Amino acid sequence: MAELIVYGIVLGSIIALGAIGLTLVYGILRFANFAHGDLMTAGAFIAFFLVTGLFPWLGIPDTTFGSLSFGWRMALAFPIAMACVAVVSILLDRILYRPLRLKRSGSVILAMSALGASFIIRMIVLILWGADYRLYRPGVLRPAIQLPLEIKIRPDQIFLLLVVLTLVILLYLFLQRTKMGKAMRATSDNMELARVSGIDTERVIIWTWGIGGALAGAGGILYGIDVQLHGGMGWNFLLPLFAATILGGIGNMYGALIGGLVMGVAQQVSTAYLLPTYKPAVAFIVMIVILLVRPQGIFGGRRA
Amino acid sequence: MEIEGIIAYLVSLAIMAGIYAVFALGLNIQWGYTGLFNIGIAGFFCIGAYTSAMITTPMPTGVYAQYVRQIFGLNLPFILGILGAALACGFIAFLIGYPTLRLREDYLAIATIGIAETFRLVFNNEHWLANGPRGLMGLPQPLQGLVDPRHYNYIYLPIVLAVMVVIYLSIERVIRSPWGRVLRAIREDEVASAMSGKDIFRFKMQSLIFGSMIMGVGGALYAHYTKAISPDVFTPLYGTFIIWVMLMAGGSGNNKGAILGAFVVWGIWIGAKFLTDFLPYTLKARAPYIRFLIIFILLEIILIHRPQGLMGEEKRISKMID
Amino acid sequence: MRVLEARNLTSGYGETDILHDVSIKLDEKEIVSIIGPNGAGKSTLLKTIFGILRPSQGVIELQGEEITGLSPDKIVRKGMSYVPQVDNVFPSLTIQENLEMGAFVRTDDYRDRLQEVYALFPLLKERRNQKVGSLSGGQRQMVAMGRALMLDPKVLLLDEPSASLAPLLVEMIFEKIVDINKTGVAIVVVEQNARETLKISDRGYVLAMGRKVFEDTGKAILENKEVGKLYLGG
């Protein structure tokens with residue numbers, strides 16, 4: 001059980017990366033971005049292209065770092081892929097969502113557009129890479145370290161937790177210390193007032209998509225490192241992402257972080273009693289319970 | 001032979017388009033007239049199909065019982081299968097609507113996606129329920145003794161179209177009643193419709209149930225057309241989103257538009273298949289993704305450039321309100 | 001010197017005009033009040049002047065430059081700030097962060113300005129790291145006004161600053177408005193609380209049914225029995 005909880009925290013920290021981006025977008029633009037899971041897929045596969053396609057061609061060495069399952073290729077691919085997903089995310093906004101926003105379309109139309117976008121991303125991934133499961137580095141041994149309480153953990157997973165922790169701290173500093181970060185929080189509080197204060201809300205929106213996209217991309221890559229890649233992986237993340245966002249309270253970044261961890265642990269612990277394929281259903285059930293009991297989320301947030 | 005083959009092909013196309021039209025009509029009640037964002041149509045598709053399948057098939061016996069497991073098998077007529085499918089979907093709709101219809105509109109969307117995924121997982125993993133991933137086969141077809149099985153589609157097409165027309169007429173009737181007017185008032189502006197929250201909840205719930213029952217009928221029609229169903233049919237793509245594209249393309253809030261959209265989009269879908277047949281062999285396996293890509297780009301274009309769809313919302317109805 | 005002038009404004013929401021052919025002007029260092037019954041179009045007038053609503057007719061000039069049709073974030077850079085009646089603070093931000101947001105468009109060092117605003121509202125300085133969501137109504141109103149002052153505007157538009165405040169606080173807010181005015185900011189204030197407002201106003205406009213029905217000095221309006229009876233509740 002202790003081991004399942006640890007694995008839950010690993011999975012949960014990946015979910016949290018996605019949920020934080022989702023809640024930022026949700027808080028500012030007030031629509032359910034159903035494409036968020038597929039931004040994770042996009043990140044995972046952009047990194048896959050770099051690690052298995054471009055970088056070998058460029059002659060970047062294939063050695064791994066110590067007992068980790070990856071090396072320089074991934075270290076380089078990680079930030080590049082994050083940046084690419086940020087760009088994809090911003091482009092989706094410019095091409096698909098912004099025209100609807102300017103026409104004052106309802107939040108449901110925007111959500112529908114996001115659904116369309118999610119399938120467009122997924123189909124492009126499936127067309128390029130097919131429906132097979134992929135690994136960044138097939139055939140590599142992935143030894144585990146034995147911890148107390150019969151917990152086995154792979155060095156990759158420890159690295160993964162450190163990456164998530166770093167990203168969350170960076171985001172925290174950005175939101176608390178920088179002018180743009182504060183403007184993002186202000187816009188999330190009250191977009192109309194942000195506008196009359198002179199805040200360039202369109203720029204804030206671009207930053208929000210960029211950061212949300214980059215974090216989702218990072219989450220996708222980390223999942224690819226920890227488990228595997230698949231064109232449909234984003235869809236499987238969709239329910240846990242929304243459950244974590246609703247649990248933490250919409251627009252509440254810290255809530256999304258906790259919500260993500262809770263969802264990860266709930267999903268992993270459920271495998272002690274249920275088939276692992278039921279994980280998305282577990283996320284769904286938890287979400288329905290939250291909606292029934294406390295629709296504004298555990299930590300408050302925007303009104304449900 | 002050539003001509004005969006083409007006609008048979010067109011008939012099979014029309015049957016699927018007609019079944020999808022039934023789903024689009026059900027969705028039109030929820031989205032077009034009430035503004036409910038149900039993106040878990042596949043869940044109702046699935047429940048409708050399985051319910052009717054198990055009502056109309058006998059419980060497997062003898063050797064079959066070793067290979068086919070299902071929770072019940074009633075061996076009742078087709079018409080009762082359809083009714084059962086509608087009732088089951090109505091009940092599920094109530095269960096989903098209860099926690100979500102009072103909340104933000106997008107919560108219903110997330111909940112319906114969740115329920116659709118959950119059903120698919122349950123039917124896939126619980127073998128005792130409906131034979132797991134292998135699904136159910138050999139479903140009976142209405143009036144199947146009348147003609148050679150090869151020509152059965154010529155009987156099933158009129159049945160599908162008749163069901164579609166009956167549903168179309170009853171929605172048209174209902175939507176022009178005071179009940180339908182209230183629905184549109186809710187969709188336009190919940191506050192201005194000057195009702196208590198409790199009433200709005202009740203009307204939304206009725207609309208959700210009504211639309212979902214029609215989807216159940218669609219599921220049943222599908223099951224008895226293909227005679228075999230398995231959980232992998234009811235994916236979000238085939239079971240939900242293609243129907244959304246149909247309704248958006250035809251014109252939400254317009255029943256004729258819903259039917260037109262179903263036939264047009266199904267035509268495009270099949271047409272795209274002919275195009276992808278020209279692809280080199282290595283890409284053949286990925287052809288469905290290219291077809292879906294085309295469909296979803298179409299959706300985005302509709303949303304931005306022609307949100308009213310091909311036909312737009314019927315104005316006649318609003319004149320009758322005034 | 002004329003700092004703000006609106007001529008023949010007709011405006012409203014969507015197709016419905018609420019404001020009809022209203023003209024007002026504001027001179028340097030003036031306080032001008034806009035009073036009138038509920039639904040007279042007072043808030044609509046302010047929103048139109050600030051570019052939140054687009055007038056279907058009329059011209060708005062700020063310090064001699066036409067600003068008709070400009071968006072609020074452009075107008076705010078030209079030296080006019082606006083405090084909405086409700087939702088006029090960022091509740092999850094601290095007091096200081098709220099004020100910083102008021103200075104968002106500034107790229108220079110605004111720390112001096114921050115100290116000036118704190119000098120006007122010493123209480124805000126004391127609690128500068130407190131979240132605004134936890135403040136009382138009167139304190140929030142001070143944050144809202146402080147935010148609007150961060151750009152050192154020539155003109156300040158206040159929409160019902162005393163709405164839903166306790167009487168003691170109303171008096172305090174009006175004192176603050178006079179203090180702000182003394183620092184050289186010309187102010188247009190929309191108010192339900194007509195008598196209190198007119199006492200501190202140089203001039204006033206009375207709006208009813210979306211039209212201007214009366215204008216005079218604050219003192220003269222207060223003394224006008226007929227206007228008092230019709231629009232100021234006896």
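Letters A, B, ... are given to chains in the order of the sequence lines, protein chains preceding strands, and every chain is numbered from 1. FYI, side chains are in, hydrogens and waters are out, and symmetry mates aren't considered; it's all heavy atoms of this structure. Keep in mind that what you see is a predicted model, and the values were worked out from it rather than measured.
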Problem set entry | Smallest separation among heavy atoms of Phe104(C) and Met180(A), with atom names | CZ-CE, 4.4 Å

Exercise. Do Leu193(A) and Arg147(C) touch side chain to side chain, with heavy atoms closer than 4.5 Å?
Worked result: yes

Problem set entry | chain A contact via Pro91(C) - which portion, at a heavy-atom distance below 4.5 Å | both

For this session: With a 4.5 Å cut-off on heavy-atom pairs, point out which of Asp87(C), Ile52(C), Val105(C) contacts chain A the most.
Result: Asp87(C)

Exercise. If you count the non-hydrogen atoms of other residues, nucleotides and ligands that lie under 6.0 Å from NZ in Lys78(C), is the total more than 12?
Worked result: no

Exercise. What residue, out of Gly133(C), Ser92(C), Ala144(C), Ala103(C), has the most heavy-atom pairs lying under 4.5 Å from chain A?
Worked result: Ser92(C)

Seminar exercise, completed: Residues Phe90(C) and Ser197(A): closest non-hydrogen pair is CZ-OG, 4.0 Å

Exercise. More than 12 non-hydrogen atoms from neighbouring residues, nucleotides or ligands closer than 6.0 Å to NZ on Lys179(A), yes or no?
Worked result: yes

Exercise. Around Arg77(C), counting heavy atoms of other residues, nucleotides and ligands shown, do more than 12 lie under 6.0 Å from its CZ?
Worked result: yes

Problem set entry | Interchain contact, Glu202(A) with chain C, by part (heavy-atom threshold 4.5 Å) | neither

Seminar exercise, completed: Looking only at Leu151(C), Thr94(C), Val76(C), the option with the highest number of non-hydrogen pairs under 4.5 Å against chain A is Val76(C)

Exercise. Near Lys212(C) NZ, under 6.0 Å, is it more than 12 heavy atoms from other residues, nucleotides or ligands?
Worked result: yes

Exercise. Counting N and O atoms only, with roles assigned by atom type, does the side chain of Asp73(C) sit under 3.5 Å from a partner on the main chain of Val196(A), one being a donor and the other an acceptor?
Worked result: no

Seminar exercise, completed: Max heavy-atom pairs within cutoff under 4.5 Å with chain A, candidates Asn98(C), Val83(C), Leu93(C), goes to Leu93(C)

For this session: Starting at CD of Glu97(C), measure out to CG of Asp189(A) and round the result to the nearest 0.5 Å.
Result: 10.0 Å

Exercise. Are any of the side-chain nitrogens in Glu100(C) or Lys182(A) under 4.0 Å away from the carboxylate oxygens of its partner?
Worked result: yes

For this session: Examine whether an atom of Ile75(C) lies under 4.5 Å from a heavy atom of chain A, and if so say whether it belongs to the side chain, the backbone or both; otherwise answer neither.
Result: neither

